[in-house]
2 protein chains.
Amino acid sequence: METKLAVALLSSIAQEARLEIFRLLVQTGSEGMAAGGLAEKLGIPASTLSFHLKELTHAGLVTPNQQGRFIYYSANYQAMNDLLAYLTLNCCAGEQSCCTPQCSSEKTGQA
Amino acid sequence: METKLAVALLSSIAQEARLEIFRLLVQTGSEGMAAGGLAEKLGIPASTLSFHLKELTHAGLVTPNQQGRFIYYSANYQAMNDLLAYLTLNCCAGEQSCCTPQCSSEKTGQA
DNA sequence: ACTATATTTCCATGATTATGGAAATATAGA
DNA sequence: TCTATATTTCCATAATCATGGAAATATAGT
């Protein structure tokens, strides 16, 4: 991954509303959630939400899927994983692995 | 980790110059690199670099360490790991782990 | 065609952010 | 104290980004 792409991905979630949207979708799983559901659950006005969903979609972290009048958005896990891998690539100058594997679907506490 | 903190961390690296600084420090390891070394290696004017280092330091992703006239900056691996863990926390609605462990100090290719 | 619902686009406004030269500040050595 | 080097602060400017109501667009059912 090149720097500009990583910046685009990071920028798309470096904003409170968008990070909440993304995290909710990450937890929701592959079926995703419709824009209206997100708006209601997060309390974000439709036009504002639409703006943020477009940002996330354009960056590639979220994927829309039209089902009738609804558009279901879901997290793009592959893009997220590529980003996380990029951040830790070749870390620590070969010292004993300082950045341990983080990812788990069932971590208990807050990180 | 709460959303606002995660946004602060993400914002601090959601910028090309700062992401390059951070990635260089991540790869440099715990001894870090002086501001002047970063400026030379990345070709960033001193005042601009100082601005970005302050952003990264304030967010907590980078730690300064004064040694005489030099200030060595190093990556805060703990903060980075906490952030990565936060992004994937409770992911995938309990499906088989869709976000696999990413972190390694010796990955070979590009992510 | 008409109605209801879902979502997006338009747009003006306000807010935040990045840049780099010049000057200021700090530290070390002689 | 004087000089050289390292880094930061100051500052004005330009650029980018976030907000949400109103209107427009799309889809489905009758």
Side-chain angles (χ1 to χ4, degrees), chain A residues 3-25 28 31-76, chain B residues 3-25 28 31-76:
Chain A
T3 304
K4 283 183 201 301
L5 174 56
V7 167
L9 295 174
L10 289 166
S11 295
S12 75
I13 51 173
Q15 204 277 342
E16 194 165 1
R18 287 200 297 271
L19 183 56
E20 282 174 352
I21 294 165
F22 180 68
R23 293 252 309 127
L24 182 50
L25 292 178
T28 295
E31 74 273 18
M33 189 178 292
L38 290 165
E40 184 181 24
K41 190 136 187 174
L42 297 173
I44 300 174
S47 68
T48 301
L49 179 69
S50 183
F51 167 77
H52 290 309
L53 285 172
K54 195 170 67 171
E55 296 283 303
L56 287 165
T57 301
H58 183 254
L61 274 182
V62 140
T63 306
N65 185 336
Q66 182 137 15
Q67 297 283 105
R69 284 174 298 176
F70 300 83
I71 300 180
Y72 287 84
Y73 286 89
S74 55
N76 182 342
Chain B
T3 305
K4 284 183 201 300
L5 174 56
V7 166
L9 295 174
L10 289 166
S11 295
S12 75
I13 50 173
Q15 203 277 344
E16 194 165 0
R18 287 200 297 270
L19 183 56
E20 283 174 352
I21 294 165
F22 180 68
R23 293 253 308 127
L24 181 49
L25 292 178
T28 295
E31 75 273 18
M33 188 179 291
L38 290 165
E40 184 181 25
K41 190 137 189 174
L42 297 174
I44 299 174
S47 67
T48 301
L49 179 70
S50 182
F51 167 77
H52 289 309
L53 285 172
K54 194 170 67 172
E55 296 284 303
L56 287 165
T57 300
H58 183 253
L61 274 181
V62 141
T63 305
N65 185 337
Q66 182 136 15
Q67 297 283 105
R69 284 175 299 175
F70 299 83
I71 299 180
Y72 287 84
Y73 286 89
S74 55
N76 181 343

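Below, read A as the first sequence line, B as the second, and so on, with proteins coming before strands; counting in each chain starts at 1.
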Verify the contact: side-chain N or O of A/Ser47 to OP1 or OP2 of D/dG20, cut-off strictly under 4.0 Å; return yes or no.
no

Taking atom P of C/dT8 as reference, at what distance in whole Å does atom CG of A/Leu56 sit?
12 Å

From CG of B/Asn65 over to P of C/dA26, roughly how many Å is that when rounded to an integer?
18 Å

For A/Ala34, report the nucleic acid contact type (base, sugar-phosphate, nothing); a contact means any heavy atom under 4.0 Å.
sugar-phosphate

Tell me whether the side-chain N/O atoms of A/Arg69 come closer than 4.0 Å to OP1 or OP2 in D/dT25.
no

First of A/Gln15 and B/Ala46 reached from the 5' end of DNA chain D, by closest nucleotide
B/Ala46

At less than 4.0 Å, is any side-chain N or O atom of B/Tyr73 found next to OP1 or OP2 of D/dT8? Yes or no.
yes

Interatomic distance, A/Leu53 CG vs C/dT8 C1' [rounded to whole Å]:
11 Å

NA contact type, A/Ala35, heavy-atom cut-off 4.0 Å: base, sugar-phosphate, or nothing?
sugar-phosphate

Roughly how many Å is it from CD in B/Glu40 to C1' in D/dT7, rounded to a whole number?
15 Å

Along DNA chain D (nearest heavy atom to each residue), the more 5'-positioned of A/Ser11 and A/Gly68:
A/Ser11

Tell me which nucleotide among D/dA18, C/dT7, D/dG20 gets nearest to the side chain of A/Phe51.
D/dA18

Within-4.5 Å side-chain heavy-atom neighbours: B/Phe22 and B/His52:
no

Check the distance between C/dC10's C1' and A/Lys54's NZ and give it to me in whole angstrom.
10 Å

Would you please confirm or rule out a distance under 4.0 Å between OP1 or OP2 of C/dA6 and any side-chain N or O of A/Tyr72?
no

Hey, does A/Ala39 reach any base, or is it just sugar-phosphate, or nothing, if we go heavy atoms under 4.0 Å?
nothing

Does C/dG20 have OP1 or OP2 sitting under 4.0 Å from an N or O in the side chain of B/Thr48?
yes

Verify the contact: side-chain N or O of B/Gln66 to OP1 or OP2 of C/dA28, cut-off strictly under 4.0 Å; return yes or no.
no

Provide, to the nearest angstrom, the distance between the NE2 atom belonging to B/His52 and the P atom belonging to C/dT19.
4 Å

Spacing of B/His58 atom NE2 relative to D/dT8 atom C1', expressed in whole Å:
16 Å

Does atom CD (B/Gln66) have a neighbourhood of more than 12 heavy atoms from anything else shown, all under 6.0 Å?
yes

When rounded to whole Å, the CZ to P distance for the pair B/Phe70 and D/dT5 reads 11 Å

Does A/Leu9 offer a backbone N or O that forms a donor-acceptor pair with the side chain of A/Ser12 under 3.5 Å?
yes

Sort out for me which residue in A/Thr63, A/Leu56, A/Leu49, A/Leu53 forms a side chain to side chain contact (heavy atoms under 4.5 Å, CB included) with A/Tyr73.
A/Leu53

How long is the gap from CD1 on B/Ile21 to CZ on B/Arg23, to the nearest 0.5 Å?
13.0 Å

